[in-house]
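Heavy atoms only: backbone and side chains are in, while hydrogens, waters and symmetry mates are out. Counting convention: from 1, in listed order, for ligands and their atoms alike.
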Amino acid sequence: MKNKIISESMDVKLDSIFNNLPEYPEFVKDIRRAPKREADLSKEDIKLALKNALRYIPQKWHEKLAPEFLKELKERGRIYGYRFRPQGNIKAKSIDKYDGKTLEGKALQLMIDNNLDFDVALYPYELTTYGETGQVCQNWMQYWIIKEYLKRMNKKQTLALYSGHPVGLFESHEEAPMVILTNGLMIGMFDDMKHFNKAAALGVANYGQMTAGGWMYIGPQGIVHGTYMTLLNAGRLKLGIPQEGDLSGKLFVSSGLGGMSGAQAKAVEIAKGVGIIAEVDYSRIETRHEQGWLNEIARSEEEAFEMASKYANKGEAVSIGYYGNIVDLLEYAVNNNIDIDLLSDQTSCHAVYDGGYCPQGLTFNERTEMLQENKKKFKKLVDKSLKNHYKQIKTLVERGTYFFDYGNSFMKAVYDAGITEIAKNEENPDNGFIFPSYVEDIMGPQIFDYGYGPFRWVCLSGEKEDLLKTDRAAAECIDPDRRYQDRDNYIWIKEADENDLVVGSQARILYQDAEGRIEIALKFNEMVRNGDIGPVMLGRDHHDTGGTDSPFRETANIKDGSNIMADMSVNNFAGDAARGMTLCTLHNGGGVGISKVSNGGFGLVLDGSKRVDNIIKRALSWDVLNGVARRAWARNQNSIETIAKHNKNNENDDHITIPFIADDDLINKTIEESG
Ligand SMILES: NC(=O)c1ccc[n+]([C@@H]2O[C@H](COP(=O)([O-])OP(=O)(O)OC[C@H]3O[C@@H](n4cnc5c(N)ncnc54)[C@H](O)[C@@H]3O)[C@@H](O)[C@H]2O)c1
């Protein structure tokens, strides 16, 4: 079929959006740029990648763009279509400034823009929001076409996206989701980094992380709350801090002040402890410092620990950014017998060989250059550094430090670097690792098993006043005396504004269980209905009770053998769609890397209608409780209690299967007697 006929057969295309080919944009100085991505392509593959990218481009621009795309592929490992990137910063505007036939279509454009804001995104030119490689979509051509579809979409249509590619608008119905998107889902036998990198370079796969490709990222605030609770509960569990106590005088050491890891500094301060966070990229230290998320900066190990001890002795909270490599910092602590209470790591180990982890001995710039020029040598240095990193942690743990893996695939990366002793069975990760993950010890039993998770909302008016009203309304919905988790959440939301957490749009994170989420959402929808506030986008991180099957993280405390299954996340995604969430997402790889996790999320626009009240009741309940049900079935005690209570209170609606518990002695006896 001729390109002329193809062009005549569709209205949504780049030359309807742009009259002329846009000028090549100027890159704003000092905006972080993604390193070259891995792309092991043959000559034939390169041809295919070019042809694939040109599918978005009207033929009249092919001659001009083919060499430009080839250059991007060679220099960057991906075709981003930089020419189509809007000039300057992209910022979420107030909802009424967006074009569109539906409120939902406008709201989703706003969410996309927020994910690409210079202040929010890690590598905004490469459409990367956070977690080193998590992208909104693959390229700027997709960005425009998606936005155009969102403008044109009517209430009875659903937009389908495959890994950032807008397949198109399809007729559905008014109660159906407006957008269904998946990212990086691969056929089992090809589900590995090598094939993913090739598919991404060919332009057919997107790494959505969790909320980047799900358009629900709200800046590192989203993880501050989770980190705050993790640190506080680690203190309660391992340092003997009472339930109503805080981390005063206790030292937490970790690394990473990036997209998500940046939350650590703020969280330790809110938990009233002392934190030293190592970071090799000075620009990220500056960003967090300017934002007020990081109190002090130290340029040497000695300075960092001296500062920490000064604050700890006074019982004052502080976060210190140490400019340097975490391995140097830990070596110093070991050699100088410095006590560390809590220790973790939040470098991007899910992409350890792609720049996520800076090896000891290289500066940040040297790491970027070597990645570009000598990947083999870089890999070797990463492995060497991880081995030493592990050695220092082991020594500190022997001396009494509590180390936990912070869901960044650190232990898996150490194992992959050749340290098999980090695996419990000393052979493979099948039985887990010798150090606990924060979910295994803390978040799993104390948070997820009850259904608490990172519920969030964005005030689409962009008005701070709306956010303050929702904060107050949410606080009124929480009974701080119900459980200690509720008290923590109550304190969090009461202090949220004071803690100055907003980056980008007016958004809030608040851990809640199913009951709490429903109550708060209904309250917000009523406020929209009464005109007290503008419309609201509800969502959650994928780092939640339901929606994510991740044996190295979210489901690390699932012990019935089903931790290697992805049934829950897929069912959660389909169930959310069936119940009418506005946006439904399902991803491969979010948080810990390709093939290691299946995770999904949702977005729900509160328009004040009764229709949305019904969606809130049926969909939010399912979204959380399917996760608790799965945990209960795995015999997690707190979940069994939560589900048993739910069955009693919902006799006419839900009914969830609960396991009978077999007696261990009986099992042992049965096996012994059988010979
Ligand atoms: N536990 C959770 O709840 C949770 C949530 C989100 C993300 N994560 C995981 O945490 C990791 C970090 O996420 P992110 O969004 O902050 O990524 P990021 O890439 O934005 O930040 C990581 C930071 O670590 C720094 N770094 C790398 N190597 C270092 C070293 N050796 N010493 C000191 N600093 C070093 C980098 O310069 C970077 O700024 C990812 O693997 C992500 O999947 C965990």
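Salt bridge annotation for E373-K36: absent, with no cationic side-chain nitrogen under 4.0 angstrom from a carboxylate oxygen.
A donor-acceptor pair shorter than 3.5 Å can be found between the side chains of E296 and Y311. Looking at D488 and Y511, their side chains never bring a donor and an acceptor atom within 3.5 Å of each other. For S385 and Y357, the side-chain atoms include at least one donor-acceptor pair closer than 3.5 Å. Between D486 and Y452, the side chains place a donor N or O and an acceptor N or O closer than 3.5 Å (distance only, hydrogens not considered).
Counting heavy atoms of neighbouring residues, nucleotides and ligands inside a 6.0 Å radius, atom CG of N89 exceeds 12 of them.
Near ligand 1, residues L122, Y130, G131, E132, Q209, I223, G256, G258, G259, M260, S261, A278, E279, V280, D281, R284, G324, N325, I326, Q346, T347, S348, C349, H350, G356, Y357, C358, Y406, G407, N408, Y438, H543, R553, G591 each place a heavy atom inside the 4.0 Å sphere around the ligand atoms.
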